[in-house]
Amino acid sequence: MQINRLSIFLMLMWLGVFSCRPLRPSVSSNEQYRPQFHFTPPSKWMNDPNGMVFFEGEYHLFYQYYPDATVWGPMHWGHAVSKDLVEWEHLPIALFPDSLGYIFSGSAVVDWKNTSGFGKNGKPPLVAIYTYHDMEIEKAQRPNTQSQAIAYSTDNGRTWTKYAKNPVIPNPGTVKDFRDPKVIWHEPTQQWIMVLAVADHVEFWGAPDLKRWTYLSSFGKEYGSHGGVWECPDLFPMVVSGSKEEKWVLILNIIPGHPNGGSGTQYFVGTFNGTSFTLDPAFKSDVESGRAVWLDWGRDHYAAVTWSDIPKMDGRRIAIGWMSNWDYATKVPTKSWRSGATLPRLLELKKTKKSYHMTAFPVKELEKLRGQKSVMEPGSVPSGTLFAEVKPGQPLCYELELEVDLSKTTANQFSIRLSNPKGEQYDIGYDIPLKRFFSDRRHSGDLSFSEAFAKDVHIAPRHQSNNLLTIRLYLDVASAELFADHGETCITDLFFPSEGFTQIRLNAVDGTVWIKSGVVNQLKRIY
Ligand code: FRU
């Protein structure tokens, strides 16, 4: 039989060799420390998540990306999409640095009314709003390095065109830190609002069309933590759970200044009227005199911002952060890539006795990762009890759900302890008399890469005073994410054991722990 060129071509097409679809990540699932159900870049360096927007059934995730090395460098926007926030498909790089500078962090929106005029054939464009960072200006030691710019896509984010008249907000000439625009559509005043991090405060800007921006107001110099520079803001309305009351939340990432060291995420609750943000009187005392309210108490939760344009029918406010810390991010001992994202988290605003509190809890879609499940008998559990044993050659991929009855617990302190045959261990738990959670990676394996990595035990307050403590814990090879009391206290921390952790046990000090209910779910890998 004669096989002509066409049939060979068709056969190769069928085999996917000439597939036009972008390749799935060339992620080797057994690379040491490679997360198995968290987003990571296919290779090389990533930091902040950027431009998260939902459009036509896809959650877009862009991210600060340097495709040529495993350390920070000329910033691009890497790109991935997901239909469910669980499995991610890597797409080609969306934005490359150019003569105006590196592409720093920013946001993206669906311009539903085509205010920008970038739309085509009645289809609204996606518009990305980002910071240019000009290295030439930085080298010349002039302050006006950063300006704001836009780019658009009319093909569902697959290709991007930078606006010919960039920048849309030039640097005022005096401030070095002038970056990370988050843009939202403000329905009551029919305009786009940009919130921009400017050194020790934020600025609000308004525009009818994403192009012509006017300064509106500033906020923050005298509130919250000022241990470092403010970066990556976010602004969104939230209905207080169980009520009809609407509040506005302003997120501010800061580096350094986090109570456990380095970079972290703080937030403010108030009102926004289309021009200025005013703190809620009830929340004010939480953020006065240098006090701050933190979204996560671990050291590996930074640059967290939320998705734009999630349909009203869904109505969720979903955040994702960078799972690292600028104190040591460029030194962590991973090889072909560096850093990943946290799990996507549902944010909710709750009224407390005196103020407001934002909770963060993994999105329900993650339940589809659940595989083999083991259920514990309720009762008193002694120290050393094995929760799960990782099979040889398998990665540590688990979700633990525990309800601990503190009134029947005799131990003073307990933790979930990960360990390996090398004697390395990591503990994440709760101290009953001190009413605080802790994460201790001081003996968790490789600490050699940075003195800043495991100096202290990381601590976090418990806000509830009831006796039923609920814990949801995700373990993914080299990370732990704790969501206690349904996300009232969160801790995100990395660790790097020299050999994978193989055992998950209960550790209890001076007594036993009463477990009212306990489930251990083995989780599937997304790669
Ligand atoms: C936060 C940050 C941003 C900046 C980006 C540069 O981690 O410093 O402020 O836009 O990273 O990569």
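Counting starts at 1 for both ligands and their atoms, in listed order.
Distance alone, capped at 3.5 Å, places no donor-acceptor pair between the E231 side chain and the I255 backbone.
Near Q64, meaning under 4.0 Å from one of its heavy atoms, ligand 1 places the atoms 5 (C), 6 (C), 12 (O). Near F104, meaning under 4.0 Å from one of its heavy atoms, ligand 1 places the atoms 4 (C), 6 (C), 10 (O). Taking every heavy atom of M75 and a limit of under 4.0 angstrom, the matching atoms of ligand 1 come to 12 (O). Which parts of ligand 1 touch S105 is read off a 4.0 Å heavy-atom cut-off, strictly below it: atoms 5 (C), 10 (O). Heavy-atom contacts of D180 reach the following atoms of ligand 1: 3 (C), 4 (C), 9 (O), 10 (O) (cutoff under 4.0 Å). Of all atoms in ligand 1, numbered sequentially from 1 with element shown, those under 4.0 Å from a heavy atom of D48 are 1 (C), 2 (C), 3 (C), 5 (C), 7 (O), 11 (O).
With a 4.0 Å heavy-atom cut-off, ligand 1 is reached by the side chain of W326 but not by its N, CA, C or O. Under 4.0 Å from ligand 1, not a single heavy atom of A303 appears. Neither the backbone nor the side chain of T131 comes within 4.0 Å of ligand 1, counting heavy atoms alone.
With a 6.0 Å cutoff to the six-membered ring centre and a 45° limit on the axis angle, K331 does not count as a cation-pi contact of F453.
Here the rule is side chain to side chain donor-acceptor pair (under 3.5 Å) with H79, and of H90, E89, H60 only H60 fits it.
One finds a salt bridge joining R345 and E481 here, because a Lys/Arg side-chain nitrogen approaches an Asp/Glu carboxylate oxygen to under 4.0 Å. The pair D314-R316 meets the salt-bridge criterion, with a side-chain N (NZ, NE, NH1 or NH2) lying under 4.0 Å from an Asp/Glu carboxylate O. Here D180 does not pair with K182 in a salt bridge; the nearest charged N to carboxylate O distance is not below 4.0 Å. Between R158 and E58 there is a salt bridge, since at least one side-chain N of the basic residue sits less than 4.0 Å from a carboxylate O of the acidic one. Salt-bridge annotation for R441 and D300: present, with a side-chain N of the basic residue lying under 4.0 Å from a carboxylate O of the acidic one.
The closest approach between any non-hydrogen atom of Y302 and ligand 1 is below 4.0 Å.
Looking only at heavy atoms of the protein, atom 8 (O) of ligand 1 is closest to E231 OE2, 2.8 Å.
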